[in-house]
Amino acid sequence: MSPKISAEASSARSIYRILTKEYPDARCELDFNSPLELLIATVLSAQCTDKRVNAVTPVLFKRFPTLEMLSEAKSSEIEKIIYSTGFFRSKAKNIKELANKILKDYGGEVPKTLVELVTLPGVGRKTANVVLGNAFEIPGLTVDTHFGRLSRRFGWSKEIDPVKVENDVAKLIPEKEWTLLSHKLIWHGRRICHSRKPECGICPLAKLCPSAGIGLI
DNA sequence: ATCCCGAGGG
DNA sequence: CCCTCTGGAT
């Protein structure tokens with residue numbers, strides 16, 4: 001019996017190979033010096049460019065260098081520092097309460113499991129997987145808007161629910177590639193496979209992509 | 001106008 | 001499922 005792989009898995013391997021060639025440097029673009037810094041940077045990155053997050057995090061971490069200081073900080077002071085990242089009231093509240101919960105419930109250490117990470121305020125599954133993959137080297141698929149859109153365009157998933165997309169893609173790509181695959185999909189989504197007007201004409205995946213020229217999924 | 005590597009609440 | 005939270009870049 002020769003081992004057979006599905007058409008989707010075969011496509012996924014080919015696409016991953018090309019993305020690796022196109023984006024050899026794809027990586028997390030948030031600046032951080034510890035798991036806690038990455039966690040907070042990722043919370044701040046919602047609906048905000050990484051560049052802007054990187055402009056405020058050094059100020060935030062210099063003013064509040066420890067979990068204790070963050071948890072006792074005045075929300076208004078955090079808000080002023082992170083203002084330009086948007087959603088500043090909820091993000092400030094989340095950061096303060098997240099610091100408090102890590103102290104109370106996790107012994108002052110950022111937890112290393114998805115189940116624990118998502119108990120923190122402001123931390124959803126996507127943020128948790130960013131931390132696991134980039135601070136702890138634990139493979140995770142970070143299904144954001146780009147990841148979901150590209151997965152559907154490639155025919156890897158028909159789902160909208162990010163958890164279902166994650167499960168579909170997990171079957172197609174070896175676990176050890178998950179973190180890098182996430183970055184490469186996101187880079188490609190930002191550069192070429194845009195939401196509104198994907199540039200299929202210059203896309204190196206056009207020949208493999210069932211949505212090429214059709215666009216708009 | 002529309003998008004930026006979302007999360008939480010109803 | 002929908003809505004809301006938000007400023008900045010283009």
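Numbered from 1 within each chain, the chains take letters A, B, ... in sequence-line order. Computed from a prediction, not measured in an experiment: that's the story for all the values here.
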Whole angstrom is fine here: how far is it from CZ in A/Phe87 over to P in C/dC5? 9 Å

Audit row: A/Leu120, A/Tyr106, side chain to side chain contact (heavy atoms under 4.5 Å, CB included) steps and yes/no: CA-CA 10 Å; A/Leu120 301 172; A/Tyr106 297 111; 4.0 Å; yes

Under 4.0 Å between a side-chain N or O of A/Arg125 and OP1 or OP2 of B/dA7? no

Within 45° of the ring axis of A/Trp187 and under 6.0 Å from its six-membered ring centre, is that where the NZ or CZ of A/Arg191 lies? yes

Assess A/Lys112 against A/Phe136: is NZ or CZ under 6.0 Å from the centre of the six-membered ring, and within 45 degrees of the ring's axis? yes

With a 4.0 Å cut-off on heavy atoms, is A/Thr145 in touch with a base, just the backbone sugar-phosphate, or nothing at all? sugar-phosphate

Take the protein atom CG of A/Asp50 and the nucleotide atom P of C/dA9, then report the distance between them rounded to whole Å. 14 Å

Evaluate A/Asp168 against A/Ser157 for side chain to side chain donor-acceptor pair (under 3.5 Å), listing each step before the verdict. CA-CA 6 Å; A/Asp168 286 342; A/Ser157 179; 2.7 Å; yes

Identify which nucleotide among B/dC3, B/dC5, C/dA9 has an atom closest to any side-chain atom of A/Ser195, counting heavy atoms from C-beta outward. B/dC3

Side chain of A/Arg196, heavy atoms from C-beta onward: which of B/dC5, C/dT6, B/dC3 has the nearest atom to it? B/dC3

Taking DNA chain C as the partner, which of residues 71-84 of chain A come within under 4.0 angstrom of it by heavy atom? A/Tyr83, A/Ser84

Taking the C1' atom of each, how far is B/dC3 from C/dT6, in whole Å? 13 Å

Starting at atom NZ of A/Lys91, determine the distance to atom P of B/dA7, rounded to an integer number of angstrom. 11 Å

Given atom CZ of A/Phe147 and atom P of B/dG6, what is their separation to the nearest angstrom? 13 Å

Can you tell me if A/Gln47 touches the phosphate of B/dG6, counting only side-chain N or O atoms and a distance under 4.0 Å to OP1 or OP2? yes

Do the side-chain N or O atoms of A/Arg52 get closer than 4.0 angstrom to the phosphate oxygens (OP1, OP2) of C/dA9? yes

Once you apply a heavy-atom cut-off of 4.0 Å, does A/Arg190 come out as touching a base, just sugar-phosphate, or nothing? base

Tell me what A/His194 touches on the nucleic acid: a base, only sugar-phosphate, or nothing, going by heavy atoms under 4.0 Å. nothing

Does atom CD (A/Glu109) have a neighbourhood of more than 12 heavy atoms from anything else shown, all under 6.0 Å? no

Between A/Glu77 and A/Arg63, is the closest basic N to carboxylate O distance under 4.0 Å? yes

Can you tell which of B/dC3, C/dC5, B/dC5 lies closest to the side chain of A/Asp144? B/dC5

Please state how far atom CZ in A/Phe88 lies from atom P in C/dT4, giving the value in whole angstrom units. 18 Å

Specify the residue among A/Gly86 and A/Ile160 whose closest nucleotide of DNA chain C lies further upstream toward the 5′ end. A/Ile160

Restricting to nitrogen or oxygen on both sides, can you table the protein-nucleotides 8-10 of chain B pairs closer than 3.5 Å?
residue	atom	partner	partner atom	Å
B/dG8	OP1	A/Gly122	N	2.8

Applying side chain to side chain donor-acceptor pair (under 3.5 Å) to A/Glu199 and A/His194, what does each step give before you reach the verdict? CA-CA 7 Å; A/Glu199 300 180 71; A/His194 313 290; 2.8 Å; yes

I need the residues from residues 126-137 of chain A with at least one non-hydrogen atom less than 4.0 Å from DNA chain B; give them sorted by number, or say none. A/Lys126, A/Thr127

May I ask you to decide if A/Cys193's main-chain N or O and A/Arg149's side chain share a donor-acceptor pair within less than 3.5 Å? yes

When the distance from NZ of A/Lys93 to C1' of C/dT4 is rounded to whole Å, what number comes out? 14 Å

Given atom CG of A/Leu150 and atom P of B/dC5, what is their separation to the nearest angstrom? 13 Å

Could you tell me whether A/Arg125 and A/Glu166 have a side-chain N and a carboxylate O separated by less than 4.0 Å? yes

Answer yes when A/Lys101 and A/Glu97 have at least one side-chain N-carboxylate O distance shorter than 4.0 Å, and no when they do not. no

Could you work out the separation of C/dT4 and B/dC5 based on their P atoms and round it to a whole Å? 24 Å

Just the rounded figure in Å: distance from P of B/dC4 to CD of A/Glu29. 14 Å

Run the side chain to side chain contact (heavy atoms under 4.5 Å, CB included) test on A/Leu117 and A/Val110 for me, step by step, so that the C-alpha distance in whole Å, both residues' side-chain angles and the decisive distance to 0.1 Å come before the verdict. CA-CA 8 Å; A/Leu117 282 166; A/Val110 176; 3.9 Å; yes

Determine, stepwise, if the pair A/Asp31 / A/Val53 fulfils side chain to side chain contact (heavy atoms under 4.5 Å, CB included). CA-CA 8 Å; A/Asp31 297 335; A/Val53 173; over 6 Å; no

Just by distance, with hydrogens left out, do A/Ser76 and A/Glu79 show a side-chain donor and acceptor under 3.5 Å apart? no

